[in-house]
Each structure stands twice: as structure tokens, then as C-alpha cells.
Amino acid sequence: MRRTLTTRFVIAMSLLVLLCCVGWALLAQHVVPDACSYADPPPRAQYLHCP
């Protein structure tokens with residue numbers, strides 16, 4: 001019984017961490033604006049290759 005509970009807890013926590021990582025990656029891609037969309041380059045920006 002205890003081994004089954006531990007296994008389920010480990011799987012649930014692993015899935016939670018995985019979902020948090022995927023959510024963070026998607027959020028970073030869609031919320032942070034593209035540097036090429038600015039009229040002036042952001043401060044301390046290196047050379048940008050914008051189309």
C-alpha cells in the first residue's frame with residue numbers, strides 16, 4: 001500500500017513539474033514581445049537580424 005502511494009505521488013509530482021515547465025515555455029514565447037517589433041532597439045541589445 002505504501003509503495004503504491006509513493007509511486008503515485010512521484011508520478012503526480014513529475015507531471016506537475018513537467019506541466020509547469022511547458023506552461024512557462026509557452027508563456028515566455030507568447031507574452032514577451034519580439035525585439036524586432038520595436039522601433040528602436042532595446043538597450044544593450046546586440047545586432048538583430050530582422051527581416
Side-chain angles (χ1 to χ4, degrees):
M1 179 74 177
R2 192 161 239 239
R3 184 175 180 177
T4 306
L5 256 157
T6 304
T7 304
R8 286 183 184 172
F9 180 75
V10 168
I11 290 173
M13 287 296 114
S14 300
L15 287 174
L16 182 65
V17 169
L18 181 68
L19 286 175
C20 287
C21 290
V22 169
W24 183 262
L26 290 173
L27 187 69
Q29 292 230 340
H30 293 289
V31 172
V32 177
D34 186 18
C36 292
S37 65
Y38 291 120
D40 295 328
R44 293 174 297 182
Q46 295 181 358
Y47 181 72
L48 298 174
H49 297 279
C50 298

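When a residue number appears, it is its place in the shown sequence, counting from 1. Model, not experiment: these values are computed from the prediction.
Apart from Leu16 itself, the hydrophobic cluster it occupies contains Phe9, Met13, where clustering links Ile, Leu, Val, Met, Phe, Trp and Tyr at side-chain heavy-atom distances under 4.5 Å. Grouping Ile, Leu, Val, Met, Phe, Trp and Tyr residues whose side-chain heavy atoms lie under 4.5 Å apart, directly or via other members, places Val22 in a hydrophobic cluster with Leu26.
Considering only residues two or more places apart in sequence or on other chains, Cys20 meets the disulfide bond (SG atoms under 2.5 Å apart) condition with none of them. Among residues two or more places apart in sequence or in another chain, the side-chain contact (heavy atoms from CB on, under 4.5 Å) test is passed with Cys21 by Val17. Here Thr7 pairs with Arg3, Ile11 under the side-chain contact (heavy atoms from CB on, under 4.5 Å) rule; sequence neighbours left out. Among residues two or more places apart in sequence or in another chain, the side-chain contact (heavy atoms from CB on, under 4.5 Å) test is passed with Ser14 by Val10.
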